[in-house]
Amino acid sequence: METSKFNKITALWIVVVLVLFIASIVLGIIMRLNQSEVISLYPTTFYTDMTVHGLTMIGIWFVAGMAAINYIMERYVKTSFYANLTALILTVFGVVLLWVSAFVGDFHAGWTFLHPLPLKLMWEKWATPMFLTSMAILGIGWLIWSLSLTASLLKKYSFSQVFAWQHLTKDPKTETPPFVLISMVTLVGIITCLIVAVVLIVLLFAEYFSRGTFVNDALLMKNLTYFFGHTIANEMLYLGLAIIYELFSEISGKPKWKTTWYVALAWNFTMVFILTAFFHHLYMDFVQPEGFQIIGQLASYFASLPAAGVTVFSIIIAVYKTKIKWSLANILFFVGVAGWVVGGLGAVIDATISNNFILHNTLWVPAHFHTYNAMGNVLFSLGFFYWFSKQFSGEEIKYKFSKLTIILLILGGAGFLAAFYFGGADSIPRRYSTYPVEFTTAKTLALIGATFASVYLIAILIFFANISKRCLNVIFSRS
Amino acid sequence: MQHTSILLLFLALAGAAILIFIYVFRTSKNANSDEGGMTNALRKRFWFILILFIVLGIFASVTIPKSPYFLFADEQPSRVVHIAAAQYYFLMSNEAIDPKNPGAGDTIEINTGELVEFRVTSLDVNHGFAIYGPNNDIVAQTQAMPGYVNRLRWKFTTPGTYNILCLEYCGNGHQLMKSTFTVK
Ligand code: HEM
Ligand SMILES: [Cu+2]
């Protein structure tokens with residue numbers, strides 16, 4: 001009974017995420033088509049589209065990771081079904097309000113809704129409070145979920161065990177599974193940035209209702225915005241890594257990965273570094289104290305060390321010259337790690353202040369973050385979705401289909417991203433509905449991007465067609 | 001120049017990473033069941049992390065001093081240009097701009113080789129202030145933030161027309177914000 005409840009809700013999450021994913025990809029392709037001037041939208045329509053695309057994508061891949069780790073966590077501790085359900089209801093409710101505020105109310109402040117833009121009311125008067133309410137609902141729903149998962153972990157593991165500190169001693173008496181460690185490290189980051197998000201929303205509301213008597217400080221608001229935005233985007237990737245640590249060996253038919261001293265050390269370091277890397281979003285704000293700028297570059301660089309040295313190296317060791325059972329799920333994990341590495345390289349280049357001076361807010365930015373999302377984190381979650389749905393039918397999807405899916409994903413993803421990278425190196429700005437004539441390559445690159453993104457979409461549609469029926473069966477099965 | 005080297009560096013690194021992943025995948029496909037994976041994995045991991053640490057450390061110590069905050073920091077600018085960004089235009093002036101009464105601004109001409117300091121602020125929301133050179137690459141940039149003044153120092157070497165574009169999303173006219181100045 002208990003497991004079947006978790007099966008059902010996880011299957012429901014998967015269907016919701018994939019449906020919203022397909023819709024958001026379509027919005028993405030529409031943006032690229034507009035930038036190539038194949039279609040011609042009002043700028044406002046473009047920017048509402050952009051705002052909805054960005055926020056929906058971040059939201060769904062965050063909850064996809066959460067749903068997956070909640071499902072797996074049931075192997076180790078008892079979690080709360082009602083917290084999970086509350087999060088699902090509030091997520092759907094929040095997304096509906098977001099879409100209404102944007103598509104009906106014309107709200108279009110971008111996914112970061114950087115102060116004071118949301119308060120400028122360049123749209124329906126009610127759209128700003130509705131948008132802020134939608135963010136508050138999402139934030140609170142996710143906070144409840146994260147706190148509840150943390151509480152479940154802490155019921156079984158002591159504070160030092162859950163961070164695997166005993167593995168830093170000579171001979172640890174108990175083992176903290178890597179999955180538990182990574183989930184906990186990630187939940188700490190998530191809870192921190194969601195609390196900051198709540199503060200941010202309260203401050204925006206306060207200014208909105210004060211009618212000009214209270215004005216927030218722009219620099220402080222920008223720091224808060226990126227503390228939240230950067231951190232959540234990073235942490236959701238770590239949710240995906242927790243899945244890999246648990247499932248990669250299992251799906252490959254190999255013994256489980258173990259926590260060792262260096263795994264424990266690496267993830268504890270990551271927990272700290274990741275909270276200061278957001279400073280790289282403010283490099284071009286020269287009034288920010290210089291110390292923060294330099295911490296930003298160092299934290300961005302050294303956050304990549306434990307990740308690359310431990311996670312990437314581990315997956316390479318697990319595969320190198322080792323005969324393993326390949327299935328669509330672990331191929332998606334493997335390709336996803338490669339995508340994550342490539343995106344990370346683009347990120348480290350941009351996190352270098354002297355490079356950021358000419359790359360900041362060019363297409364280089366969507367280039368690298370789409371790499372580790374569309375070709376990284378998304379594939380981690382798709383791998384989980386596939387593994388999950390396969391439990392209930394036992395069969396692999398036809399070899400022909402899984403091969404086609406992978407090939408189209410890689411081909412479509414690579415072409416779509418290349419158009420962003422070349423655009424960024426060409427100084428083409430991000431977030432432009434159409435490009436000034438001086439950018440002679442911009443339209444062509446946008447068309448290439450739209451074309452390859454459509455190939456990527458086809459891969460997702462094939463994947464969706466293959467697993468949605470299984471998920472729907474789980475949702476509607478009796479018992 | 002820097003634009004091309006950044007792109008090439010990225011393509012080289014990304015290409016190498018992808019080749020390694022393909023190679024590793026193929027060694028797995030070709031493996032016999034009795035073959036034993038990587039030997040001495042812990043030692044190799046240690047060296048990998050150490051080398052990466054050193055490379056990143058060198059990279060950081062070379063690049064941080066080139067950060068824009070330290071550019072021409074010990075020289076006196078011979079020219080100050082005041083910039084106020086607003087939805088959806090840039091105001092440029094030789095005199096300080098009063099936010100309550102911004103005025104009409106000036107046409108700006110700058111000499112090659114002189115040290116200019118741009119004092120950049122915003123009259124409403126956050127904007128960007130990016131200088132595009134005659135071949136339409138970004139030369140330098142900073143942000144325009146309400147309530148703050150960012151000081152950007154630069155010496156121009158190539159004469160010509162320079163465009164200014166907004167690089168911080170500021171609303172539905174963001175893509176239209178544009179201004180120009182000339183370098184003689
Ligand atoms: C193939 C699928 C996708 C397509 C075609 C697509 C397309 C786009 C485009 C064209 C933009 C605007 C770029 C610009 O600034 O000019 C954009 C922005 C963005 N995308 Fe995607 N995208 C895709 C997948 C994703 C995924 C998986 C994520 C996951 C997190 C994501 C998150 C975002 C975010 C956060 C923004 C920034 C929005 C903003 O600037 O406010 N996208 N995308
Ligand atoms: Cu602007």
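Because the structure is a prediction, the values reported are computed rather than measured. Chain A is the first sequence line, chain B the second, and so forth, proteins listed ahead of strands; every chain is numbered from 1.
For a residue to count as touching a neighbouring chain, one of its non-hydrogen atoms must lie under 4.5 Å from one of that chain's; by this rule T362(A) touches chain B with the side chain only. If you measure heavy-atom distances from L52(B) to chain A, the contacts under 4.5 Å come from both the backbone and the side chain. In this structure, chain A has a heavy atom under 4.5 Å from the side chain of K178(B), while its backbone stays farther away. Only the side chain of L298(A) has a heavy atom closer than 4.5 Å to any heavy atom of chain B. Both the backbone and the side chain of D124(B) come within less than 4.5 Å of a heavy atom of chain A. Proximity to chain B (any heavy atom under 4.5 Å) is shown, for Y283(A), by both the backbone and the side chain. Contacts between A109(A) and chain B at a heavy-atom distance below 4.5 Å involve the backbone alone (N, CA, C, O). Contacts between V342(A) and chain B at a heavy-atom distance below 4.5 Å involve backbone atoms as well as side-chain atoms. For L71(B), the part lying near chain A is the side chain, with the backbone staying farther off; criterion is any non-hydrogen pair under 4.5 Å. In this structure, chain B has no heavy atom under 4.5 Å from any part of D350(A).
In terms of heavy atoms, A17(B) sits closest to V341(A) at CB-CG1, 4.0 Å. Residues T63(B) and S354(A) approach most closely at CB-OG, 3.7 Å, considering heavy atoms. Nearest heavy atoms, S28(B) versus T322(A): OG-O, 2.9 Å. Across S314(A) and R45(B), no two heavy atoms sit closer than the pair OG-NH1, 3.3 Å. Of all heavy-atom pairs between L56(B) and V348(A), the closest is CD2-CG1, 4.3 Å. The nearest pair of heavy atoms linking D137(B) to D426(A) is OD1-O, 4.1 Å.
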Discussion item. Determine whether Y421(A) and L11(B) satisfy the following criterion, side-chain contact (heavy atoms from CB on, under 4.5 Å), listing intermediate values before the conclusion.
Written reply: CA-CA 10 Å; Y421(A) 282 106; L11(B) 290 177; over 6 Å; no
Worksheet entry | Step-by-step side-chain contact (heavy atoms from CB on, under 4.5 Å) determination, Y69(B) to I353(A) | CA-CA 10 Å; Y69(B) 330 117; I353(A) 302 170; 3.4 Å; yes
Item to complete: Starting from the C-alpha separation in whole Å, work towards a yes-or-no answer on side-chain contact (heavy atoms from CB on, under 4.5 Å) for F48(B) and V312(A).
Response: CA-CA 11 Å; F48(B) 176 71; V312(A) 177; 5.9 Å; no
Worksheet entry | Audit row: Q175(B), Y435(A), side-chain contact (heavy atoms from CB on, under 4.5 Å) steps and yes/no | CA-CA 7 Å; Q175(B) 73 288 357; Y435(A) 297 110; over 6 Å; no
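With a 6.0 Å radius and a threshold of 12 heavy atoms from other residues, nucleotides or ligands, F302(A) has its CZ atom above the threshold. Taking a 6.0 Å sphere around NZ of K44(B), one finds it holds more than 12 heavy atoms contributed by other residues, nucleotides or ligands. For K443(A), the NZ atom counts as loosely surrounded, since its 6.0 Å shell holds 12 or fewer non-hydrogen atoms of other residues, nucleotides or ligands. Environment of CZ in R26(B): sparse, with no more than 12 heavy atoms of neighbouring residues, nucleotides or ligands closer than 6.0 Å. Crowding of F292(A) atom CZ: a count of heavy atoms from other residues, nucleotides or ligands under 6.0 Å not exceeding 12. Within a 6.0 Å sphere centred on CZ of F70(B), heavy atoms belonging to other residues, nucleotides or ligands number more than 12.
Separation of atoms CD (E438(A)) and CG (L165(B)) is listed at 7.0 Å; rounding is to 0.5 Å. Atoms CZ and CZ, on F286(A) and R119(B) in that order, are 14.5 Å from each other to the nearest 0.5 Å. To the nearest 0.5 Å, the span separating CE on M221(A) from CE on M145(B) amounts to 11.0 Å. Interatomic distance, OH of Y262(A) versus CZ of F46(B), reported as 13.0 Å (0.5 Å rounding). Atoms OG1 and CD1, on T352(A) and I6(B) in that order, are 8.0 Å from each other to the nearest 0.5 Å. Rounding to the nearest 0.5 Å places CG of L114(A) at 11.5 Å from OH of Y169(B).
Most heavy-atom pairs under 4.5 Å with chain B: of the set I316(A), I349(A), L219(A), this distinction falls to L219(A). Ranked by heavy-atom pairs under 4.5 Å with chain B, the first of G339(A), G344(A), G343(A), P116(A) is P116(A). Most heavy-atom pairs under 4.5 Å with chain A: of the set G57(B), C166(B), G147(B), this distinction falls to C166(B). Of the residues considered (F59(B), Y23(B), F25(B), F129(B)), F25(B) shows the highest number of contacts with chain A, using heavy-atom pairs under 4.5 Å. Comparing R430(A), M50(A), Q288(A) by how many heavy-atom pairs each has under 4.5 Å with chain B, the most go to M50(A). Residue with the most contacts toward chain B among P43(A), P306(A), P436(A): P43(A) (heavy-atom pairs, distance under 4.5 Å). When the candidates V319(A), T371(A), I315(A) are compared by the number of heavy-atom contacts under 4.5 Å with chain B, V319(A) comes out ahead. Highest contact tally toward chain B, considering only P429(A), G309(A), G424(A), is held by G309(A) [criterion: heavy-atom pairs under 4.5 Å].
In summary, of the residues considered (L152(B), I138(B), T142(B), V139(B)), a side chain to side chain contact (heavy atoms under 4.5 Å, CB included) with F357(A) occurs for L152(B) alone. Screening T45(A), T48(A), D106(A), T44(A) against N172(B) for a side-chain hydrogen bond (donor to acceptor under 3.5 Å, both in side chains) leaves a single residue, T44(A).
Judged by distance alone, the side chains of S67(B) and Q297(A) never bring a donor and an acceptor atom under 3.5 Å apart. A side-chain donor-acceptor contact under 3.5 Å links K222(A) and Q143(B).
Looking at heavy atoms from C-beta onward, V24(B) lies in side-chain contact with F334(A) at the 4.5 angstrom threshold. Using a 4.5 Å heavy-atom cutoff, the side chains of E168(B) and M284(A) are not in contact. Using a 4.5 Å heavy-atom threshold, the side chains of Y148(B) and D217(A) count as touching.
Aromatic ring centres of Y132(B) and F439(A) lie closer together than 6.0 Å.
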